[in-house]
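Remarks on the structure that follows.
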Amino acid sequence: MNLSFSKILGPRTRLVALMLATITPSARGGDICVAERLAAASGWHLNWVVQLPFDTDRTRLESLSISDSLVVATTGDGRVHAYHEGSAPLAGTLSWSQRIGHATDPGLPADIGPSLVLATRGGNVYGFDRASGDRLWADRLGRMPIAPAVEGDNWVYVPYGPLRILRITAYPTGRPLSMIRAASQTTDDAAAIEAAKLGRSRAALEEVQPLLIEAGTSRAKAIHRLAPFSVGWIGEDGMLVTLNDLDNGWRRHELRLGSQASGDLVHRDGAIWMALSSGDLIRVDSDPSAGLTVGWRVALPKLPSGALMIDGDTLLVSLGTWGIEARSATTGDLLWSRDQPAQLLAAGGGTAWCFDPVGRLVLIDLADGRSLATLQPGRFQMPITNTVTDRLYLATHNGVVASLAPTAITAEEVPAPQQPEPAAVVDNIDPQPDDDDPFKAPADQDDPFATPPSEMDAPRSEDPSSEPASDDPFGPASSEDDPFTSLPRSHRSPA
């Protein structure tokens with residue numbers, strides 16, 4: 001406590017301030033208790049609870065981006081924090097944390113791609129290695145994008161303006177070494193490994209300068225990664241556009257729907273579902289070569305609101321204050337409806353979570369739409385919508401995040417370490433030491449200065465990056481010939 005401020009406070013006021021300072025950290029323990037109570041009452045399993053590493057008195061949690069193996073949080077102090085998700089024991093542990101821009105700059109949710117994590121803040125797009133968190137590049141756009149950037153294989157797509165989408169290369173200097181090593185561990189194709197080393201992806205062979213793509217006749221609110229080589233967006237005029245990077249060239253397909261989407265679309269295995277502002281629910285089948293076709297289209301009784309949720313063959317759509325409808329994702333047939341208004345949050349394991357109008361968590365049975373539990377979320381009042389996985393994420397504005405799953409996660413099976421077999425005792429095999437050598441160890445003692453056989457027999461590393469660049473074992477390695485340490489493009493700032 002500041003001394004001058006302490007003199008102003010009376011002894012009783014100072015005591016109260018000291019008690020509050022002591023109680024504040026234990027509030028997180030209260031959040032943990034709430035999360036455990038929610039899991040126990042609902043039958044779901046609490047995977048982890050974390051407190052994001054930022055000053056809760058100065059900033060707040062802005063957004064949470066979700067994937068099957070990584071969760072990325074952006075905070076108001078200009079940072080991104082990546083946490084492991086999936087199997088124990090890494091689930092819920094901090095993978096990496098990086099700073100982007102300044103606290104006063106506006107930011108957008110991060111995109112978790114196959115190889116990169118893209119963060120947008122203050123008119124700049126930052127590319128981080130998804131596994132290590134290393135900053136690979138930063139692109140100065142000159143203006144704030146209207147939606148988050150999205151990785152699509154070798155490219156990054158940014159909604160740059162009302163009618164434009166900016167395409168930039170994801171790897172301006174070739175793929176980083178961590179990705180090359182990962183590729184060499186997952187494939188036996190020598191040509192593919194060599195191409196990764198040389199950066200000879202399609203993005204490297206084509207023109208890598210930024211390219212402006214016509215978004216259509218209206219603004220694209222968001223870009224979606226539909227497949228490893230396909231991205232799509234829907235404009236405000238109801239035009240659905242997909243851009244596909246095929247082996248024989250680029251293919252662009254368009255389908256006019258007649259009305260803009262009321263929320264984000266959901267996709268799975270080449271099928272796209274979206275609710276339109278006209279009150280229709282539609283499924284579109286996407287073939288990168290053949291194009292877009294309407295699978296089915298049905299009229300909803302009321303206007304849709306919020307995001308769609310899908311679990312198995314059950315497609316959920318919120319009708320705002322009029323309740324929820326469940327339809328078959330395959331045929332569009334009505335399965336059931338309920339008249340209780342709710343905001344959909346997550347779906348998985350045959351159940352779905354939503355917020356009711358008074359801020360309570362409601363668990364719904366997807367078989368018939370009945371309520372299984374109605375629970376008080378405590379301070380977890382920040383809605384986190386998850387359309388990617390079957391997890392429920394609860395968050396507070398001061399950075400406490402909890403992950404719940406319909407089934408318990410278990411540690412991956414790790415083979416038990418094998419105990420080394422005891423060495424056989426053989427007499428009269430080793431030669432007797434030379435009595436004239438005063439420095440040779442006696443025969444019944446081990447030489448403490450001898451090189452262990454395991455080190456003598458171990459093969460030398462073939463990775464040139466692991467060898468020292470000079471005779472000085474403690475000196476820094478030279479990076480003159482390393483193609484990954486410099487960025488030739490003028491508009492990219494070095495990492």
Side-chain angles (χ1 to χ4, degrees), residues 50 52-54 59-83 85 94-130 133 135 138-139 141 143-152 156-160 165-166 168 170 219-226 231-234 261 263-267 306-309 343-346 380-389 391-403:
V50 298
L52 299 179
F54 64 81
T59 188
R60 289 292 182 265
L61 172 64
E62 291 184 345
S63 62
L64 199 69
S65 302
I66 301 165
S67 73
D68 55 351
S69 60
L70 200 69
V71 176
V72 177
T74 58
T75 54
D77 57 352
R79 283 189 173 274
V80 288
H81 310 280
Y83 284 83
E85 181 59 289
L94 181 64
S95 176
W96 50 267
S97 180
Q98 291 281 8
R99 174 175 291 280
I100 54 171
H102 302 283
T104 57
D105 296 333
L108 295 172
D111 172 69
I112 308 175
S115 303
L116 302 176
V117 171
L118 302 176
T120 306
R121 196 169 192 89
N124 300 325
V125 177
Y126 303 85
F128 299 97
D129 186 346
R130 171 172 172 160
R135 177 174 152 181
D139 225 316
L141 303 179
R143 67 170 67 177
M144 186 67 184
I146 60 178
V150 173
E151 178 191 3
V156 173
Y157 300 87
V158 186
Y160 191 63
I165 290 177
L166 178 66
I168 57 179
R219 184 178 64 172
K221 292 184 178 180
I223 301 178
H224 301 269
R225 182 173 44 254
L226 304 177
V231 296
W233 61 88
I234 182 170
D264 286 342
L265 56 86
V266 294
H267 58 88
L308 302 178
M309 293 290 166
Q343 177 186 2
L344 295 172
L345 298 177
F380 292 108
Q381 295 288 345
M382 183 176 180
I384 302 295
T385 302
N386 177 19
T387 61
V388 181
T389 66
R391 306 295 169 87
L392 170 68
Y393 291 94
L394 304 174
T396 65
H397 291 281
N398 63 350
V400 180
V401 180
S403 169

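Below, all heavy atoms of this structure are taken into account, side chains as well, without hydrogens, waters or symmetry copies.
Contacts of R225 classified as salt bridge (Lys or Arg N to Asp or Glu O under 4.0 Å), with partners at least two apart in sequence or in another chain: D111. E62 meets the salt bridge (Lys or Arg N to Asp or Glu O under 4.0 Å) test with R121; sequence neighbours excluded. With sequence neighbours excluded, no residue forms a salt bridge (Lys or Arg N to Asp or Glu O under 4.0 Å) with D105.
Using modelled atom types, one side-chain atom of S65 and one backbone atom of A110 make a donor-acceptor pair closer than 3.5 Å. For Y160 (side chain) and L141 (main-chain N/O), a donor-acceptor pair under 3.5 Å exists by modelled atom type. Without hydrogens or angle criteria, N386 side chain to V388 main chain gives a donor-acceptor distance under 3.5 Å. In this structure, R130 contributes its side chain and G113 its backbone to a donor-acceptor pair below 3.5 Å. Between the R99 side chain and the D77 main chain, a donor and an acceptor come within less than 3.5 Å of each other.
Note that CG of N398 and CE of M382 are 10.5 Å apart. Values are rounded to the nearest 0.5 Å. The distance from the CD1 atom of I66 to the CD1 atom of I112 is 8.0 Å, given to the nearest 0.5 Å. The structure places CZ of F380 at 6.0 Å from OG1 of T396, a figure rounded to the nearest 0.5 Å. A distance of 12.5 Å separates OG1 in T59 from NE2 in H397, rounded to the nearest 0.5 Å. A distance of 6.0 Å separates NE2 of H81 from CG of L52, quoted to the nearest 0.5 Å.
Ring to ring, F128 and W96 are close: their centroids are under 6.0 angstrom apart.
The side-chain heavy atoms of F54 and R79, taken from C-beta on, include no pair separated by under 4.5 Å. Residues D139 and V156 form no side-chain contact, since every pair of their non-hydrogen atoms from C-beta on lies 4.5 Å or further apart. Taking 4.5 Å as the limit, some side-chain heavy atom of V71 sits within range of a side-chain heavy atom of L64.
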Requested in this report: Could you please spell out the steps behind the side chain to side chain contact (heavy atoms under 4.5 Å, CB included) verdict for R135 and I100?
Outcome: CA-CA 10 Å; R135 177 174 152 181; I100 54 171; over 6 Å; no
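Shown here for D129 and S115, the closest heavy-atom pair between the two residues is OD1-O, 3.8 Å. In this structure, E85 and S67 approach most closely via the heavy-atom pair CG-O, 4.4 Å. Nearest approach of P145 to G123, heavy atoms of both residues: CD-CA, 4.4 Å. Shown here for Y393 and I384, the closest heavy-atom pair between the two residues is O-CB, 3.6 Å. The two atoms that bring M309 and L345 nearest to each other are CE-O, 3.1 Å, heavy atoms only. The shortest heavy-atom contact between A222 and D264 is CB-OD1, 4.4 Å.
Across T75, L118, T74, V117, a single residue satisfies side chain to side chain contact (heavy atoms under 4.5 Å, CB included) together with V80, and that is T74.
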